[in-house]
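Reviewing the structure listed below.
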There are 2 protein chains.
Amino acid sequence: MIRLLIADDHPVVRAGLRALFATEPDLDVVAEAATGEQAVEQSRAGVDIVLMDLQFGHGMQGAEATRRIREDPGAPYVLVLTNYDTDADILGAVEAGAAGYLLKDAPPVELIAAVRAAARGESALAPTVAGRLEARQNSSGETLTTREAEVLSLVADGRSNRDIAKSLFLSEATVKSHLVHIFTKLQVSSRTAAVASARDRGYIRPA
Amino acid sequence: MIRLLIADDHPVVRAGLRALFATEPDLDVVAEAATGEQAVEQSRAGVDIVLMDLQFGHGMQGAEATRRIREDPGAPYVLVLTNYDTDADILGAVEAGAAGYLLKDAPPVELIAAVRAAARGESALAPTVAGRLEARQNSSGETLTTREAEVLSLVADGRSNRDIAKSLFLSEATVKSHLVHIFTKLQVSSRTAAVASARDRGYIRPA
DNA sequence: CGGCACCTCGAACTAACGATGGATGCCGGA
DNA sequence: TCCGGCATCCATCGTTAGTTCGAGGTGCCG
């Protein structure tokens with residue numbers, strides 16, 4: 001018997017997952033959580049697998065909750081649940097200790113199979129994500145430094161170079177310098193293209 | 001007895017809604033649709049209320065499907081279902097004839113109440129949306145024309161003015177002209193800020 | 001210690017952008 | 001019918017952005 005915790009802020013999704021797993025005799029949903037905090041709490045109450053949504057409306061997000069849960073030795077496996085497989089947080093969640101991730105629009109059989117696989121301790125990473133993880137580790141030139149990401153996020157807000165310089169207590173020249181590096185890494189040649197590319201790659205929050 | 005059609009591309013969501021309504025004796029889910037096309041088709045088979053997701057992975061989107069369904073006289077009422085209440089398509093859907101809209105993270109009781117209200121022919125618009133509809137009609141300056149939206153979406157992809165001009169078979173001056181109008185309506189003064197603002201307001205697809 | 005990666009800044013130059021102000025034709029609503 | 005909004009077009013000019021050099025500072029790690 002595999003004991004499940006469902007963590008999602010959508011009541012409808014929780015009900016759907018519950019209904020889905022109800023048809024499987026070896027799967028038992030023993031708890032639900034509507035926030036990241038609740039998920040961390042409930043995960044300690046004898047659970048084998050946590051189905052963790054990445055996006056929560058308020059408070060702690062799924063990736064952080066995953067990290068907290070996996071801190072404990074003998075903690076349950078965490079399967080991350082997300083809407084888009086381009087989600088940047090997937091990488092964060094996997095690095096935080098998630099055993100795999102699932103797309104919400106995946107067919108039910110896949111969801112169930114993934115849960116069983118996770119319960120056996122197997123990792124369930126889609127090729128897309130696995131590849132992205134490799135890419136992040138190999139081609140080190142592609143990842144932005146924290147400072148560059150900081151600049152880029154301000155650019156994405158529509159701020160000007162001068163504006164950004166003031167906010168970060170830099171000279172405008174430094175901001176431009178960072179931008180040159182960002183453009184090179186992202187293989188673009190304008191700030192708006194950089195923002196577009198960064199959104200594609202998940203470097204920037206969509207909402 | 002209220003006969004429901006659930007149109008959503010997520011099996012999990014469909015199962016969740018089905019489970020939800022199963023507890024109500026006067027509500028009966030008689031059909032499901034995973035695409036916009038299916039929804040239009042199924043809506044003709046003796047349905048009272050259609051629960052219509054706005055986002056479909058492929059093919060016809062919810063707003064368009066709503067329009068098609070409501071074309072017929074005596075067509076079922078359509079309740080739009082969406083993740084974010086900032087979604088630009090909500091307005092489109094309501095204009096297409098939706099009787100109301102629901103947030104997927106709304107508590108189950110609200111969903112059920114909204115369905116019953118819609119079945120009685122009542123309109124169920126959240127104040128947020130109702131206000132936005134007014135705003136759209138009153139301050140006409142806020143909405144972008146189709147051409148402006150077209151330009152803006154290319155800007156959001158990181159294209160240059162010259163590039164956009166070529167794509168749309170315009171002169172660069174015309175593109176700039178459109179941009180001036182866009183900036184004015186969005187109350188910004190740069191293309192990146194315009195993109196940021198447009199994303200906030202839901203003028204641009206997040207993915 | 002000597003790289004190496006990162007962050008910082010400057011200066012001068014080119015290209016792109018945005019502001020301003022004006023102009024035409026077209027169409028639908030008052 | 002006339003007016004207003006839309007789409008289209010154009011030129012000029014100041015500002016911003018992006019490029020290309022350069023260089024100094026830090027901290028980390030083998």
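Note: hydrogens, waters and symmetry copies are ignored here, and every other heavy atom, side chains too, is used. Throughout, protein chains are lettered first and strands after them, A, B, ... in sequence-line order, and every chain is numbered starting at 1.
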Using whole Å, report how far CZ of Arg159(A) lies from P of dT16(D). 15 Å

Quick one: CG on Asp8(B) to CG on Leu51(B), what's the gap to the nearest 0.5 Å? 9.5 Å

If you check every side-chain atom of Thr145(A), which of dT8(C), dC6(C), dG18(C) has the closest atom? dC6(C)

Write down the distance between CZ (Arg147(A)) and C1' (dG25(D)), rounded to a whole number of angstrom. 15 Å

Report the nucleotide, chosen from dC9(D), dC9(C), dG18(C), that has the shortest atom-to-atom distance to any side-chain atom of Leu170(A). dC9(C)

Which nucleotide sits closest to the side chain of Arg162(B): dA16(C), dC10(D), dG18(D)? dA16(C)

Among the nucleotides dC7(C), dC17(C), dA17(D), which one has an atom lying closest to any side-chain atom of Ser160(B)? dC17(C)

Side-chain atoms of Thr146(A) come closest, of dT16(D), dA19(C), dC7(C), to dC7(C)

Under the 3.5 Å rule, do the base of dC9(D) and the side chain of Ser177(B) count as making a donor-acceptor pair? yes

Does a side-chain N or O from Arg191(A) land closer than 4.0 Å to OP1 or OP2 of dG18(D), or not? yes

Would a 4.5 Å heavy-atom cut-off, applied to side chains only, mark Leu168(A) and Arg147(A) as touching? yes

Any side-chain heavy-atom pair from Leu79(B) and Val115(B) closer than 4.5 angstrom? yes

Which comes earlier along DNA chain D counting from the 5' end, the contact point of Lys176(A) or that of Phe169(B), where each point is its nearest nucleotide? Phe169(B)

How many Å lie between CD on Glu172(B) and C1' on dA16(C), as a whole number? 8 Å

What's the CG-C1' distance between Leu179(A) and dA16(C), to the nearest Å? 15 Å

Nearest whole angstrom, please: distance from the P of dA16(C) to the CG of Asp163(B). 11 Å

Roughly how many Å is it from CD1 in Ile164(A) to C1' in dG18(D), rounded to a whole number? 13 Å

note: His181(B), atom NE2; dG18(C), atom C1'; distance rounded to Å ~ 13 Å

Non-hydrogen side-chain atoms of Val151(B) and His181(B) separated by less than 4.5 Å: no

Looking only at side-chain N and O atoms, does Asn161(A) come under 4.0 Å of OP1 or OP2 in dA17(D)? yes

Students often get this wrong, so: under 4.0 angstrom with heavy atoms, is Thr174(A) touching a base, only sugar-phosphate, or nothing? base

Rounded to whole Å, the CG-P distance (Leu168(B) to dT8(D)) equals 8 Å

Picking from dA17(D), dG18(C), dG10(C), the nucleotide nearest the side-chain atoms of Ser171(A) would be dG10(C)

Sugar-phosphate only, base, or nothing, as touched by His178(B) at under 4.0 Å among non-hydrogen atoms: base

Do Arg68(A) and Glu71(A) meet the salt-bridge criterion of a basic N to acidic O distance under 4.0 Å? no

Looking at dT20(C), dC10(D), dA17(D), which one has an atom nearest to any side-chain atom of Val180(B)? dT20(C)

Which residue in the set Leu17(B), Asp53(B), Leu54(B) passes side chain to side chain contact (heavy atoms under 4.5 Å, CB included) when paired with Lys104(B)? Asp53(B)

